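Since this is a predicted model, take the numbers as computed values, not measurements. Just so we're on the same page: letters track the sequence lines, and every chain starts at 1.
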Amino acid sequence: MTAKSKEREPAATLPVARVCVDVPLPHLDRPFDYLIAAADDAAAQPGVRVKVRFAGQMVNGFLLERVESSTHAKLAFLDKVVSPERVLDPEIARLARAVADRYAGNLSDVLRLAVPPRHARVEAQATTAAAEEGEPVEVEPARADERSAEQGSVKPGNAERAGDAQVGGEPAGSAAASAISSPVVGEAVASAGPGGGGAAGDSGEAVVSAGPGGGVAVGDSGEAVASADPGGGSTPGESGEVVASTDPHSGVAHGDPGGAVASFEAGAMASAGDGRGGEVVSGWADYPAGPAFLHALSEGRPARAVWSALPGEDWPARIAEAAAATVRAGKGVVVVVADARDLERLDRALSKALGDGRHVALNAAAGPSERYRRFLAASRHRVPVVVGTRAAMFAPVADVGLVAIWDDGDDLHAEPRAPYPHARDVLLTRAQLAGCAALVGGFARTGEGQLLLETGWAKEIVATRGTLRARSPAIAPTGDDPQLARDPGAVTARLPSLAWQAARQALQGGAPVLVQVPRRGYLPSVACAECRTPARCPHCAGPLGLAGARSVPTCHWCGRAAAAYACPACGGRRLRASVTGARRTAEELGRAFPGVPVRTSGRDEILDTVPGDAAVVVATPGAEPVAEGGYGAVLLLDTWALLTRADLRAAEETMRRWLSAAALARPAPAGGRVVVVADGSLAPVQALLRWDPGWFAARELAERRELGFPPAARMASLTGKAEAVAELLDATRLPPGAEVLGPVPASDDQERMLVRVSRGKAAELARALHEAASVRSAKKAALPVRIQVDPAELL
DNA sequence: ATAATAACGAGA
DNA sequence: CTCGTTATTATC
């Protein structure tokens, strides 16, 4: 179109483009200014993809904003606007920056996660469709050829079929512990502005009553509160740190806890007052705070809740109702689930609640072009609701009113690519920045969810004990006899008589039985041979491990040997390694119940549903099929393997898996039974028996506070060659009070160091690490170091 | 990758 | 002291 680059004229107004270039180097993690040619004036809008000459080569980038002038002397011209499509929503741009800051990462890395690769053909097609507007748009008719990449033409707004198609595309099971991260709200608050003083208290008293500083943020109080500073004095919130650019010494940006929570309560009253609204409220009426929450959503208020779902809950329907209420308020919704199976269920529920064409499902399994097509449907605001697996956490929607995550303890919510953000934290940050509602739901409750409640950032949605009694299956523990367990060949070894009876009764009644067995491959950990208390390092409380049969127990975290280890619970000096049970359970059970069909659901083949007939269904955690009418009995076997895993979150994860499986049983009045083969005095077992995930989460969180674990403290892990890690640490201006643990050997000649700080110093730590990484990358340090803030697995 | 710039050293 | 060459560093 234009002649030579020399002759280009800058655009008349706002001729300077601030561009985020797509290079992964930390020291280049800032916008660069380019001149916009007059010819590009119209297309060069914020959010478009651009190509620029950067350091002698052409690189891609995103146009972040247009400004009048630059401080930089001589600017180059934007080479070109790749497409006028504004794929980077301003809301997402802000979110991405906050996420990068929190995780000590680069904006460009986060944008790679947030904006799917462009697919020019899809963009052109979708443009055509959009131009025709009107009725439900069939996209392909003209160019349906193109091997139509995807099976069948999918209406831009309709994810239904696509959802079905994806089933089983992603591994549904999840093994390791869930990610350890914490509500980031603090950073988000950053933009809320300088707040008042520091927050008092370290122990989790909700410092909800924020000061007059009054940002929009509620959560920041949480940050401050959560800081595990032993001294408990006032800690600058993380927010303060991020705000630092403006006001380095501002303390915690005090939120306006009223904003969300109070209005939520106001809603409760209103709704309690008018008593009806049943048509809206539906299943949420089973929870005292449910109707109020829904009411708040339908009025577009930023209510925030942590929801403990009832056993047997049709959670996709509940989320769909919440989405519908938000849509009714004229706002957008983003929902993230862990895997394709959950997504499919939610997708169906949304089709039912919203009708066709009001939502899209985003997930990796859809393939690049379909994925981009759906992204565009959201980005162009043609649908108000986006659901998906973790990549959907960044999905653009018009005027976001609600972000929701289901089963936030599932480790699939942790993004495995740099900077390793966790979907829960991203969504909470998003809620904070956008001032929208948030829903964190699951059968279980994570430490992070509990923290949101204890800090007053979110409100609890739980059923009353009465409702719970009516809905829960009958749950009983049965001792796991170590004598029998030594003989894994015998069926009865793994199937105590109580479990066997429950199963047989259910089968005789024509109901299916679910048997949950852990997957193999957990890291061996050690525990007291006497009382089975997991062995922890006397120095840093990290988990101990045994390298060989005769070796000295050594800490997985700080590497110290604990030669004279004595169990803090019983004083025992002998340790034993726990070994995971085998997976022959299915065949064994087949023999135990002759004539009954045995089906398995696991890693390789995951069943979504099973009919409501007598059958034994053996499943690994996370792969349990939903049974029509619910299971007559659920058996939780080989629990020892789960409970003694080396991971920090072993107990929480165990709880999550048990509750998720037990939730599939019929209620006790309908004959549903759950038998957990574990000692009834163990805390997770207690919590299961009483169906009290809140109690358990509070207990977990209290313990983590004591031990200085996330989410009560914040940790960063640095992995790489020893000298590289040392170099990075050396360049890091660690916040005062930072604890450095390690080194611990990692895979092939790599090592790992951990840095622990109080939550109040979390932002400071992230910034310091990013800065240090910048220094290293600026001087072309060859050896890479992986920086993970709140790493998914903490051994 | 490459271009600008600082640093350096040899010959006037 | 200047020019020409080479390290350094920033990358609009």
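- Counting any heavy atom pair closer than 4.0 Å across all strands shown, A:Lys779 reaches no nucleic acid atom.
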**Item:** CA sep, side-chain torsions, deciding dist, call: A:Asp790, A:Arg102, salt bridge (Lys or Arg N to Asp or Glu O under 4.0 Å)
**Value:** CA-CA 10 Å; A:Asp790 284 348; A:Arg102 177 184 194 266; 2.8 Å; yes
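- Of all nucleotides in DNA chain B, those with any atom nearer than 4.0 Å to a heavy atom of chain A start and finish, going 5' to 3', at B:dA1 to B:dA3.
- Contact detail for A:Trp457 and A:Ala438: the closest heavy-atom pair is CH2-CB, 4.1 Å.
- Per the geometry, CZ belonging to A:Phe32 stands 7 Å off P belonging to C:dC12, to the nearest Å.
- Looking at A:Arg752 and A:Ser717, their side chains do bring a donor and an acceptor atom within 3.5 Å of each other.
- Nearest heavy-atom pair across A:Val397 and A:Pro384 is CG1-O, 3.9 Å.
- Within residues 52-63 of chain A, the residues approached by DNA chain C to less than 4.0 Å at the level of any non-hydrogen atom are A:Arg53, A:Phe54, A:Ala55, in residue-number order.
- Atom pair A:His27:NE2 and C:dT11:C1' shows a separation of 8 Å (rounding to whole Å applied).
- Between the CG atom of A:Asp33 and the P atom of C:dT11 there is a distance of 11 Å, given to the nearest Å.
- Regarding A:Lys780, its NZ atom lies at a distance of 10 Å from the P atom of C:dA10, rounded to whole Å.
- Applying the side chain to side chain contact (heavy atoms under 4.5 Å, CB included) rule to A:Arg66 yields the partners A:Ala11, A:Leu14, A:Ile36, A:Asp41, A:Ala44, A:Gln45, A:Leu63; only residues at least two apart in sequence or on another chain are considered.
- Between the side chains of A:His770 and A:Asn106, at least one donor N or O lies within less than 3.5 Å of an accepting N or O.
- To the nearest angstrom, C1' of C:dC12 lies 18 Å from NZ of A:Lys51.
- Annotation for A:Lys331 and A:Gly300: closest pair NZ-O, 3.7 Å, computed over non-hydrogen atoms.
- Per the geometry, CG belonging to A:Leu28 stands 10 Å off P belonging to C:dA10, to the nearest Å.
- Proximity of A:Val725 to A:Pro743: side-chain heavy atoms (C-beta onward) are nowhere separated by under 4.5 Å.
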